[in-house]
Amino acid sequence: DVQLLESGGGLVQPGGSLRLSCAASGFTFTSYAMIWVRQAPGKGLEWVSSISGDGKSTVYADSVKGRFTISRDNSKNTLYLQMSSLRAEDTAVYYCAKTSHDYGDPKRAFDIWGQGTMVTVSS
Amino acid sequence: DIQLTQSPSFLSASVGDRVTITCRASQGISSSLAWYQQKPGRAPKLLIYGASTLQSGVPSSFSGSGSGTQFTLTISSLQPEDFATYYCQQLNSYPYTFGQGTKLEIK
């Protein structure tokens, strides 16, 4: 089965750091760009960051640029999100997801999602 | 950034009803639009991609249409398991953006 499993969420103080992981299985990990999406409590979905299959290209939402770093270890089939200088407004469930087609293909979507991991930023 | 506006934000309907949700983009996005369904406490699930292509395993009661700036998601006959929140998303350009969501409730 194709599966994504996030881990690493928790309670962190404002200004602190946290690293999320997303373990992938059931598909050729290196062939697909991966993304992080977050959802604040009771709110909608927000795309956070994307990384290409080879890890060489990354994109960030303005809200996290300079504070979050997306990366991947293709030897371990694992996606990461390093979060620093965390703020209360970063409190959310963080989902990793797999993209279905290449950038620029109108068929592109996020076809497989993890179950999410909760990050709470509070003192 | 491309803004997506869904209407309505809330929708009350009955089992067996036909419902339509609209998503309007602030600028043209060709057919680079996806629809997702999300139930409470669960991850979003892909329903439609490329504006009109049904994701594998999704019931044929779901359909999507549109291109450019106006898109629709239609559920031809509501089933109890369809009551959820629905989001559109544009993947034409970064930053990828989502609509604010449409919560579909049982009447």
Side-chain angles (χ1 to χ4, degrees), chain A residues 1-6 9 22 24 26-27 32-52 57-65 68 70 92-118, chain B residues 1-6 9-10 21 23 25 28-58 62 64-68 71 73 84-103:
Chain A
D1 273 2
V2 178
Q3 191 173 5
L4 297 172
L5 187 62
E6 301 99 334
C22 170
F27 64 98
Y32 297 95
M34 298 292 293
I35 64 94
W36 289 97
V37 168
R38 68 184 180 183
Q39 186 169 36
K43 303 297 184 182
L45 300 168
E46 178 188 16
W47 166 81
V48 171
S49 183
S50 297
I51 187 167
S52 59
S57 178
T58 59
V59 191
Y60 298 92
D62 285 347
S63 58
V64 306
K65 198 174 297 182
F68 289 13
I70 191 172
V93 174
Y94 285 74
Y95 296 101
C96 64
K98 167 188 167 293
T99 61
S100 58
H101 293 78
D102 291 339
Y103 180 76
D105 188 327
K107 295 186 180 68
R108 193 180 225 204
F110 302 162
D111 60 346
I112 304 295
W113 294 65
Q115 85 289 351
T117 187
M118 182 72 203
Chain B
D1 298 2
I2 298 172
Q3 309 300 320
L4 296 180
T5 303
Q6 289 182 229
S9 293
F10 298 93
I21 300 169
C23 178
I29 58 171
S30 183
S31 59
S32 297
L33 189 103
W35 290 95
Y36 300 88
Q37 176 193 67
Q38 187 179 34
K39 296 181 179 179
R42 303 291 298 274
K45 172 187 174 183
L46 176 64
L47 299 175
I48 302 282
Y49 61 92
S52 61
T53 303
L54 195 67
Q55 172 70 350
S56 176
V58 174
F62 290 89
S65 65
S67 67
F71 302 86
L73 173 70
T85 299
Y86 293 85
Y87 294 94
C88 60
Q89 180 203 20
Q90 69 82 17
L91 298 101
N92 183 73
S93 62
Y94 284 117
Y96 291 157
T97 46
F98 291 88
Q100 81 279 13
T102 295
K103 187 173 184 179

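Numbers restart at 1 for each chain; the letters A, B, ... are given by sequence-line order, proteins then strands. As a basis for the values below, the full set of heavy atoms in this structure was taken, side chains included, without hydrogen atoms, waters or symmetry mates.
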Interface moiety of Val37(A) toward chain B, non-hydrogen atoms closer than 4.5 Å:
side chain

Structural part of Phe110(A) lying under 4.5 Å from a heavy atom of chain B:
both

In terms of heavy-atom pairs under 4.5 Å with chain A, which of Ser30(B), Pro44(B), Gly101(B), Ser32(B) leads?
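Max contact count across the listed options: Pro44(B).
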
Out of Gly99(B), Ala34(B), Pro95(B), which one racks up the most heavy-atom pairs below 4.5 Å with chain A?
Pro95(B)

Could you tell me which portion of [X] (side chain, backbone, both or neither) has an atom closer than 4.5 angstrom to a non-hydrogen atom of chain A?
X	value
Tyr96(B)	both
Asp1(B)	neither
Thr53(B)	neither

Has the side chain of Gln100(B) got a donor or acceptor atom that lies under 3.5 Å from a matching backbone atom of Gln6(B)?
yes

Checking Gln37(B) against Val58(B) for the side chain to side chain contact (heavy atoms under 4.5 Å, CB included) test, could you report, in this order, the C-alpha distance in whole Å, the side-chain angles of both residues, the deciding distance, and whether it holds?
CA-CA 11 Å; Gln37(B) 176 193 67; Val58(B) 174; over 6 Å; no

Contacts with chain B made by residues 96-106 of chain A (heavy-atom distance under 4.5 Å), listed by residue number:
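Answer by number: His101(A), Tyr103(A), Pro106(A).
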
With Ser50(A), which residues qualify under side chain to side chain donor-acceptor pair (under 3.5 Å), at least two apart?
Trp47(A), Tyr94(B)

Hey, would you say the Trp35(B) and Phe62(B) ring centroids sit under 6.0 Å apart?
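No, the ring of Trp35(B) stays outside the 6.0 Å limit from the ring of Phe62(B), centre to centre.
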
Within-4.5 Å side-chain heavy-atom neighbours: Val48(A) and Tyr95(A):
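No - every pair of side-chain heavy atoms lies 4.5 Å or more apart.
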
Indicate the atoms forming the closest heavy-atom contact of Gly44(A) with Gln39(A), along with that distance.
O-CG, 3.4 Å

